[in-house]
Chemist: 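Questions regarding the structure given below will be posed in turn.
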Amino acid sequence: MALEQSHLHISGDALEDILFAFRELVAKYLDIGEDLNVPDDFTQNEMQTGMWWRHLAAGGVAGAVSRTCTAPLDRLKVFLQVQTSKQRISDCFKYMLKEGGVSSLWRGNFVNVLKIAPESAIKFAAYEQVKRLIRGNDKRQMTIYERFLAGACAGGVSQTAIYPLEVLKTRLALRKTGQYNSIVDAAHKIYAREGIKSFYRGYVPNLLGIIPYAGIDLAVYETLKKKYLSHHETEQPSFWLLLACGSASSTLGQVCSYPLALIRTRLQAQVISADSNTMMIDGTAMQPNMTNVFRRIVQTEGPMGLYRGITPNFIKVLPAVSISYVVYEYTSRALGVNMT
């Protein structure tokens, strides 16, 4: 990298990789299905020497620390998502403190941290398999579109495997003091009352959320980049310009996919008897599915009801990404990962 006229100029391939990594890091902490970001690509040398597991371990530690530090904002987001009437952030925050004290702000965080390891391992294994299917015997570098496709497939596999933990995280984040004694107690009570299906409630909108996010993110990024290049054919776009394009595309993709994340959380939070298989919303019994929840939200809360909780969701991104980056770097060094 060379510093020239107050701009960082990097090769085109390096810029693509940096921006891709940035957008996926942001995606990790935006609510698009909790963690559907694309796994890391490791070199052949890293795969052969076993260095890849150190990268995954460092990423797991970084994710655990950043999620723990921003857990109060995450619980606030979930709390706002399930409200059927407009609530101020300050009022919800005061309620949570009054109901359970300061420690209650971290409810559900242990499950959120617990699922990092199995989700990362399953997603990494699935990603490697999908890459082999896409490339075949060709060892070429995959395009950004192929990486998104492989990442989306890997995310779908990992989410299917660990989704019951997602439901548990939501239920524990919303629980009242004394409702559950532990994670095992929560899982047992939910199963006894609602059956095995309850652990996959909201699964469809959760996976569908990656489609508008990935599509819009890519489309906006490519449009902005091509627009710039059409007016500056001989000048390589600076790192900061591409960073701005990446931020804009990720944010727009988040805004378009957020309603699906909110519907997912509403479905996860519903206590539904295994016998009746109906949920009650505003005194009305209905089938617990994505379409019914969407229609009811629009009818009773208006279109803005689909965006409840998006403010703390955006607020947590900057500290989460910053903490994750710093912890990842120091953990990688402690594990002997070459950061050059």
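The basis for the numbers below is simple: all heavy atoms, side chains too, and nothing from hydrogens, waters or symmetry mates.
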Chemist: Distance from Leu262 atom CG to Phe294 atom CZ, nearest 0.5 Å?
Modeler: 11.0 Å

Chemist: Please report the closest heavy-atom contact between Gln81 and Tyr258, naming both atoms and the distance.
Modeler: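 Heavy atoms only, the tightest pair is NE2-OH, 3.0 Å.
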
Chemist: Minimum heavy-atom separation for Val255 and Pro259, please, with both atom names.
Modeler: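 So the minimum-distance heavy-atom pair works out to O-CD, 3.6 Å.
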
Chemist: Under the 3.5 angstrom rule, does the side chain of Asn109 hit a backbone N or O of Asn112 as a donor-acceptor pair?
Modeler: no

Chemist: Between Ala150 and Tyr127, what is the shortest heavy-atom contact and its length?
Modeler: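 For Ala150 and Tyr127, the tightest heavy-atom pair comes out as CB-CE1, 3.4 Å.
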
Chemist: Check this for me, if you would: do Asp74 and Lys316 make a salt bridge, where the nitrogen-to-carboxylate-oxygen distance has to be below 4.0 angstrom?
Modeler: yes

Chemist: Can you tell me if Arg266 uses its side chain to pair, donor with acceptor, with the backbone of Ile263 under 3.5 Å?
Modeler: no

Chemist: For Thr70 and Leu73, indicate whether the former's side chain and the latter's backbone hold a donor-acceptor pair under 3.5 Å.
Modeler: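 Pair absent, no side-chain N/O of Thr70 close to backbone of Leu73.
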
Chemist: Measure the shortest side-chain to side-chain distance between Arg75 and Ser104 over non-hydrogen atoms and say whether it is less than 4.5 angstrom.
Modeler: yes

Chemist: Under 6.0 Å from the NZ atom of Lys189, do we count more than 12 heavy atoms belonging to anything else shown?
Modeler: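 Yes, because the 6.0 Å sphere around NZ of Lys189 holds more than 12 heavy atoms from other groups.
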
Chemist: Does anything in residues 151-163 pair up under salt bridge (Lys or Arg N to Asp or Glu O under 4.0 Å), and if so which pairs, sequence neighbours excluded?
Modeler: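 Counting only pairs at least two positions apart or across chains, no salt bridge (Lys or Arg N to Asp or Glu O under 4.0 Å) contact touches residues 151-163.
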
Chemist: Distance from Gln83 atom CD to Arg88 atom CZ, nearest 0.5 Å?
Modeler: 14.0 Å

Chemist: Between Arg132 and Glu128, is any pair of side-chain heavy atoms under 4.5 Å apart?
Modeler: yes

Chemist: With rounding to the nearest 0.5 angstrom, report the CG to CG distance, Leu260 to Asn206.
Modeler: 9.5 Å

Chemist: Which other residues belong to the hydrophobic cluster containing Phe79, where Ile, Leu, Val, Met, Phe, Trp and Tyr are joined when side-chain heavy atoms lie under 4.5 Å apart, directly or via other members?
Modeler: Leu76, Val78, Leu80, Val82, Ile89, Phe93, Tyr95, Met96, Leu97, Val102, Leu105, Trp106, Leu174

Chemist: Do Lys176 and Glu99 meet the salt-bridge criterion of a basic N to acidic O distance under 4.0 Å?
Modeler: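 No, no charged N to carboxylate O under 4.0 Å.
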
Chemist: For the backbone of Lys169 and the side chain of Arg107, can you confirm whether one donor and one acceptor N or O come within less than 3.5 Å of each other?
Modeler: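 Flag not set: sc Arg107 to bb Lys169 has no pair under 3.5 Å.
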
Chemist: Please collect all ring-ring contact (aromatic ring centres under 6.0 Å, His included) contacts where either partner lies in residues 150-178, sequence neighbours excluded, each pair once.
Modeler: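 Every ring-ring contact (aromatic ring centres under 6.0 Å, His included) pair that includes a residue of residues 150-178, provided the two are not neighbours, is Tyr163-Tyr200, Tyr163-Tyr203.
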
Chemist: Without hydrogens or angle criteria, can the side chains of Glu119 and Gln159 be said to hold a donor-acceptor pair below 3.5 Å?
Modeler: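 A pair is found: one side chain offers a donor N or O, the other an acceptor, under 3.5 Å apart.
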
Chemist: So which of Ser66, Cys69, Pro319 actually passes side chain to side chain contact (heavy atoms under 4.5 Å, CB included) with Ser324?
Modeler: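 With Ser324 as partner, Ser66, Cys69, Pro319 yield a single side chain to side chain contact (heavy atoms under 4.5 Å, CB included), made by Ser66.
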
Chemist: Find the distance between NZ (Lys131) and SG (Cys153) and round it off to the nearest 0.5 Å.
Modeler: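 With rounding to 0.5 Å, NZ (Lys131) is 13.5 Å from SG (Cys153).
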
Chemist: Nearest 0.5 angstrom please: Met290 CE to Arg264 CZ, how far?
Modeler: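 If we round to the nearest 0.5 Å, Met290:CE and Arg264:CZ are 13.0 Å apart.
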
Chemist: Check whether Glu301 reaches the backbone of Val298 with its side chain - one donor and one acceptor, N or O, closer than 3.5 Å.
Modeler: no

Chemist: To check you understand the geometry: which heavy-atom pair defines the closest contact between Ser198 and Val167, and what is its length?
Modeler: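 Closest heavy-atom pair between Ser198 and Val167: O-CG1, 3.6 Å.
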
Chemist: Closest approach of Ser158 and Ile122, non-hydrogen atoms and distance?
Modeler: CA-CG2, 3.7 Å

Chemist: Quick test of your reading of the model: are Glu166 and Arg201 salt-bridged, counting only N-O distances below 4.0 Å?
Modeler: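 Salt bridge between Glu166 and Arg201, a charged N being under 4.0 Å from a carboxylate O: no.
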
Chemist: What's the separation between atom CG in Leu165 and atom CZ in Phe199, rounded to the nearest 0.5 Å?
Modeler: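 Here the interatomic distance stands at 9.5 Å.
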
